[in-house]
Number of protein chains: 2
Amino acid sequence: MSALGTEPEAELSIGDVAEQTGLSVHALRYYEREGLMLTRHIPRGTGGHRRYTSMDVKWLVLCNKLRASGMPLARIRRYAELVREGPGNEQERLDLLQEHQARVEQQLAELKECHRIITRKVGIYRQHLADDSTQDLWNITAQR
Amino acid sequence: MSALGTEPEAELSIGDVAEQTGLSVHALRYYEREGLMLTRHIPRGTGGHRRYTSMDVKWLVLCNKLRASGMPLARIRRYAELVREGPGNEQERLDLLQEHQARVEQQLAELKECHRIITRKVGIYRQHLADDSTQDLWNITAQR
DNA sequence: CCTTGACTTAGAGTCAACTCTAGGATTTAC
DNA sequence: GTAAATCCTAGAGTTGACTCTAAGTCAAGG
């Protein structure tokens with residue numbers, strides 16, 4: 001209920017985070033090594049085990065979305081660096097996000113075009129099979 | 001104008017095909033080795049140079065669409081095998097295409113969701129910058 | 001005829017993004 | 001108290017899809 005975003009923050013083990021994000025524990029260690037997290041070093045508990053917070057989980061969920069839309073890890077690292085630097089570079093963050101947004105729009109257009117072509121081909125084969133036309137159609141792959 | 005699809009068929013060098021498909025000559029040789037073409041072996045001219053036809057170009061353009069929509073080369077190879085086998089396996093080809101069609105639809109849904117999230121984040125940063133609010137907002141990355 | 005550019009093969013190298021292994025240390029459940 | 005599960009580090013291995021290299025052969029323009 002507190003308006004300030006600094007609540008108790010139950011700490012999470014790497015296994016918990018893996019479960020909540022769908023990333024493997026291997027991938028999570030790799031992400032830390034690669035500087036993709038919000039802190040350069042995930043704090044460790046007494047026994048040396050990583051202690052993540054729910055902020056980390058939120059960040060990783062965002063990373064998953066960025067990855068799923070084709071952003072390379074190198075670009076995510078750059079974004080993480082900007083966030084780690086703290087306030088002052090918001091314009092640069094915006095630029096990075098907008099560049100990616102444009103890419104995603106391109107991808108969407110391309111994917112829709114692919115879908116159109118595949119759907120047409122599916123239609124041709126459906127037709128062909130429905131006709132029961134065992135006619136050796138010259139080469140169905142070249143149609144249209 | 002001939003209704004039968006077997007016209008003169010000017011032959012094309014690997015360089016011509018590369019230019020027309022956007023694939024590199026290296027990739028084209030690789031595709032042949034991997035059994036992704038309509039014939040197991042692209043015929044060679046007297047000097048041992050590959051001679052492609054416009055059918056090959058059409059096929060490769062389709063392959064590009066399938067690849068661009070995330071079909072792995074192994075799956076394209078399977079499709080190529082079915083086409084090489086000739087008539088009789090149309091149902092199997094249709095199944096393969098429909099499976100891919102479904103995947104593309106999933107991808108489209110996922111990509112749209114990513115786009116929505118990125119757009120929201122872009123909106124937050126735009127707002128923040130427009131407000132000229134140099135207020136050290138706690139952590140903009142965690143917003144919403 | 002000769003040079004330049006395109007082509008040939010076989011095989012090695014690259015890149016991103018993990019994924020796995022070895023050899024231990026720590027934590028948790030009974 | 002102990003066994004099983006989970007965690008640690010450092011580093012090697014994997015996968016897919018090319019991409020490049022070496023050491024030539026072939027073809028086209030002047």
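First the proteins, then the strands, lettered A, B, ... as listed; each starts at 1.
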**Message:** Please tell me whether His100(A) and Ser69(A) have a donor and an acceptor in their side chains that are separated by less than 3.5 angstrom.
**Reply:**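 A donor-acceptor contact under 3.5 Å links the two side chains.
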Without decimals, in angstroms, what is the distance between [X] [atom1] and [N] [atom2]?
X: Arg78(B); N: dG16(D); atom1: CZ; atom2: P; result: 18 Å
X: His41(B); N: dT9(C); atom1: NE2; atom2: P; result: 8 Å
X: Tyr31(A); N: dC18(C); atom1: OH; atom2: C1'; result: 8 Å
X: Leu73(A); N: dT19(C); atom1: CG; atom2: P; result: 11 Å
X: His49(B); N: dC26(D); atom1: NE2; atom2: P; result: 7 Å
X: Glu34(B); N: dA17(D); atom1: CD; atom2: C1'; result: 9 Å
X: Asn64(B); N: dA17(D); atom1: CG; atom2: C1'; result: 13 Å
X: Arg29(A); N: dA10(D); atom1: CZ; atom2: P; result: 12 Å

**Message:** On DNA chain C, compare the nucleotides closest to Ala27(A) and Gly45(A); which residue's is nearer the 5' end?
**Reply:**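 The answer here is Ala27(A).
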**Message:** For Ala74(A) and His26(A), find the nucleotide of DNA chain C closest to each by heavy atoms; which residue's nucleotide sits nearer the 5' end?
**Reply:**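 Between the two, 5'-proximity favours Ala74(A).
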**Whether Arg29(A) side chain and Arg33(A) backbone form a donor-acceptor pair below 3.5 Å** =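 Side chain of Arg29(A) to backbone of Arg33(A): no pair is present.
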**Message:** To check you understand the geometry: which heavy-atom pair defines the closest contact between Tyr79(A) and Lys121(B), and what is its length?
**Reply:**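 Nearest heavy atoms, Tyr79(A) then Lys121(B): OH-CE, 3.7 Å.
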**Atom pair OG1 (Thr39(B)) and CG (Asp56(B)), whose distance is rounded to the nearest 0.5 Å** =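 So the OG1 of Thr39(B) and the CG of Asp56(B) are separated by 6.0 Å.
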I want to check something: taking the side chain as every heavy atom from C-beta on, are [X] and [Y] in contact at a cut-off of under 4.5 Å?
X: Glu99(B); Y: Asp95(B); result: no
X: Tyr52(B); Y: Ile42(B); result: yes
X: Tyr30(A); Y: Val25(A); result: no
X: Arg50(A); Y: Ser13(A); result: no

If the cut-off is 4.0 Å, is [X] near the phosphate of [N], judged by side-chain N/O to OP1 or OP2?
X: Tyr30(B); N: dG16(D); answer: no
X: Arg44(A); N: dT9(D); answer: yes
X: Ser24(A); N: dA17(C); answer: no
X: Arg50(A); N: dC7(D); answer: no

**Fill in**
Secondary structure of DNA chain C per the Watson-Crick/G-U criterion (both distances under 3.5 Å; [ ] crossing, | other strand, . unpaired) is ||||||||||||||||||||||||||||||
**Asked** With sugar-phosphate meaning primed atoms plus P, OP1 and OP2, does Arg67(A) contact a base, only sugar-phosphate, or nothing at under 4.0 Å between heavy atoms?
**Response**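 The answer is sugar-phosphate, as Arg67(A) gets under 4.0 Å only of primed atoms, P, OP1 or OP2.
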**Message:** Need to verify one output field. Residue with the more 5' nearest nucleotide on DNA chain D, Gly47(B) or Glu32(A)?
**Reply:**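 So the residue in question is Glu32(A).
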**Asked** Which parts of residues 12-22 of chain A get close to DNA chain D, meaning a heavy atom less than 4.0 angstrom away?
**Response**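 The answer is Ser13(A), Ile14(A), Gly15(A).
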**Prompt:** Excluding sequence neighbours, so at least two apart, what forms salt bridge (charged side-chain N to carboxylate O under 4.0 Å, His left out) with Arg51(A)?
**Reply:**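 With neighbours one apart ignored, the set is empty.
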**Request:** Please lay out, stage by stage, how His41(A) and Glu32(A) fare under the test side chain to side chain contact (heavy atoms under 4.5 Å, CB included).
**Result:** CA-CA 7 Å; His41(A) 184 77; Glu32(A) 182 186 355; 3.6 Å; yes
**Message:** Which nucleotide wins on minimum distance to the side chain of Arg33(A), given the candidates dT19(C), dC7(D), dC26(D)?
**Reply:**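 So the side chain of Arg33(A) is nearest to dT19(C).
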